[in-house]
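For reference, the structure is listed below as structure tokens.
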Amino acid sequence: MGPMVRIGVVGYGYWGPNLVRNVATKVAGAELVVICDSSQANLAKAHEAWPETATVNNVEHLLSDYNLDAVIVVSSAPSHYPVARKVIEAGLHCFVEKPLTLTSLDAEELVAMAEEKNVRLMVGHLMVYHAAVRECKRIIDSGELGEVLYLYAQRLNLGKVRTEENAFWSLAPHDVSIALYLLGEEADSVSAVGADYLTNGVQDTVFANLHFPSGKMANIHVSWLDPHKIRKFTIVGTKKMLVFDDMDPDNKIWIYDKGVGEPKDAMSYGEDLTLRFGEIRIPSLKMREPLADELTHFVDCCRSGEQPESDGLSGLSVVRVLEAVDKSIAEGGTPIKLVSGV
Ligand SMILES: NC(=O)c1ccc[n+]([C@@H]2O[C@H](COP(=O)([O-])OP(=O)(O)OC[C@H]3O[C@@H](n4cnc5c(N)ncnc54)[C@H](O)[C@@H]3O)[C@@H](O)[C@H]2O)c1
């Protein structure tokens, strides 16, 4: 590898331009070499925005002709697996947008291939690089909340209605990745209910419950058929409670010194439980663009050989949850056991 990590980007649709812009302008040590898209119209947009950067319309060409160190895959979700497979087979480091793949079998294969080829595989679990989520993790790990008992996430809005993937695959990969990151555990079972009101077989609203080996619980509610625009995480600990409100532009984290005290003596019941209503603390946060931090981390890992925080295994864990949610919905809410590891 030369002084700069030479990067190609596959996919210049809705999200690709954001990654391209960050690689080109915000990530130290990265060189944007080539952009690839199978759509001529989108490739023309890439050329217009980045006239100095090469453009190609197929992945084979991108892999053979540009002496790349790494490839960012930001094409549509069904193409992640076939494209990432070629990238890893070519011995290049690979960043794949979320969800890593559409099946856990495919994700397992990518993780094993990356290990065999000794290349870094990273998944675009963007929220793991969000300053507020990292602060939540710091607060949890500091013990300020006591022991975390459970958390719930709400990602609700009216639209954008999709017809090919359900609301959970579309909206919840972020929440699942945040929940696994904050709790530092893999779920061992998942149950979910959902309903398809607008498109046959495509759930618009899903309520999913993740159960963890420690007994912790995470509930994730996603919907594109809701009057509210909400992106909120509530975390309940034995000492304090925390709310992360991503719709609040200034005050994203609220720590409530609220809780239920121990009974005054072991023989007493409910009436002796004491409720505590203390102060609210709003920590100040230095917000940065998470995409720049995420891609800087990828480039650093390509160079150092370290495993990214959102590595292939974490991508696989999220895909397993998404898959299990679909299965549970199909079975009317039955809990589905999850495996861990490759
Ligand atoms: N992290 C986030 O917050 C976030 C936000 C939006 C999208 N995404 C992810 O980014 C990815 C892209 O989403 P999008 O909304 O930009 O999709 P999109 O459909 O707008 O764009 C995908 C682009 O990839 C191209 N493409 C598809 N297959 C290809 C192939 N085999 N070779 C070359 N080009 C190919 C298409 O022509 C299209 O231009 C998805 O995986 C999505 O989940 C992530």
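Only heavy atoms go into these numbers, but all of them, side chains included; no hydrogens, no water, no symmetry mates. Numbering of ligands and ligand atoms starts at 1, following listing order.
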| field | Minimum-distance protein heavy atom relative to atom 24 (O) of ligand 1 | value | S75 CA, 3.4 Å

| note | In terms of heavy-atom contacts, G315 and V123 come closest through CA-CG2, 3.7 Å

| task | Can you pull out the closest protein heavy atom to atom 16 (O) of ligand 1? Residue, atom name and distance to 0.1 Å, please. | result | W15 N, 2.7 Å

| field | Interfacing atoms of ligand 1 (cut-off 4.0 Å, heavy-atom, V10) | value | 32 (N), 33 (C)

| request: Quick one: look up the protein heavy atom nearest atom 10 (O) of ligand 1 and list residue, atom name and how far away it is. | output: E97 CG, 3.4 Å

| request: Would you mind checking which non-hydrogen protein atom is closest to atom 12 (C) of ligand 1, with the distance to 0.1 Å? | output: V74 O, 3.3 Å

| query | Should the proximity of V83 to ligand 1, defined as any heavy atom under 4.0 Å, be assigned to the side chain, the backbone, both, or neither? | reply | side chain

| field | Pairing residues for F277 by the side-chain contact (heavy atoms from CB on, under 4.5 Å) criterion, not counting sequence neighbours | value | K258, L275

| Are H297 and Y129 close enough that their ring centres sit under 6.0 Å apart? | yes

| task | Identify, for atom 3 (O) of ligand 1, the protein heavy atom at the shortest distance, and state residue, atom and that distance. | result | H174 NE2, 3.2 Å

| request: May I ask you to identify the nearest protein heavy atom to atom 42 (C) of ligand 1, giving residue, atom name and distance to one decimal place in Å? | output: K98 O, 3.7 Å

| Which is it for E186 and S317 under the side chain to side chain donor-acceptor pair (under 3.5 Å) test, yes or no, and what are the steps along the way? | CA-CA 7 Å; E186 303 233 352; S317 303; 2.9 Å; yes

| Taking atom types as modelled, is there a side-chain donor on S170 or R162 under 3.5 Å from an acceptor on the other? | yes

| query | For atom 27 (C) of ligand 1, which candidate among S76, S39, C36, P290 holds the nearest heavy atom? | reply | S76

| query | Please walk me through it: do Y12 and H47 pass ring-ring contact (aromatic ring centres under 6.0 Å, His included)? | reply | CA-CA 10 Å; Y12 199 82; H47 180 66; over 10 Å; no

| query | Do the ring planes of F298 and F95 sit parallel (below 30°), tilted (30 to 60°) or perpendicular (above 60°)? | reply | perpendicular

| query | Quick one: does H125 get a heavy atom under 4.0 Å from ligand 1? | reply | no

| message | Closer than 4.0 Å to some heavy atom of H80 - which atoms of ligand 1 meet that? | response | 40 (C), 41 (O)

| Any side-chain donor near an acceptor of the partner, S214 and E185, under 3.5 Å | yes

| said: Could you identify the single nearest non-hydrogen protein atom to atom 20 (O) of ligand 1 and state the distance to 0.1 Å? | reply: Y14 N, 2.9 Å

| Closest non-hydrogen atom pair between P308 and R120, with its separation | CD-CD, 4.2 Å

| Heavy-atom nearest neighbour of atom 35 (C) of ligand 1 within options G16, A41, S38, G11 | S38

| message | As a check for students: among N18, V59, D37, V73, identify the option with a heavy atom nearest to atom 39 (O) of ligand 1. | response | D37

| message | Just checking H221 against F168, ring centres under 6.0 Å apart? | response | no

| remark: Closest heavy-atom approach to atom 28 (N) of ligand 1 among S79, P173, A77 is made by S79

| remark: for atom 21 (O) of ligand 1, nearest protein heavy atom and its distance come out as G13 CA, 3.3 Å

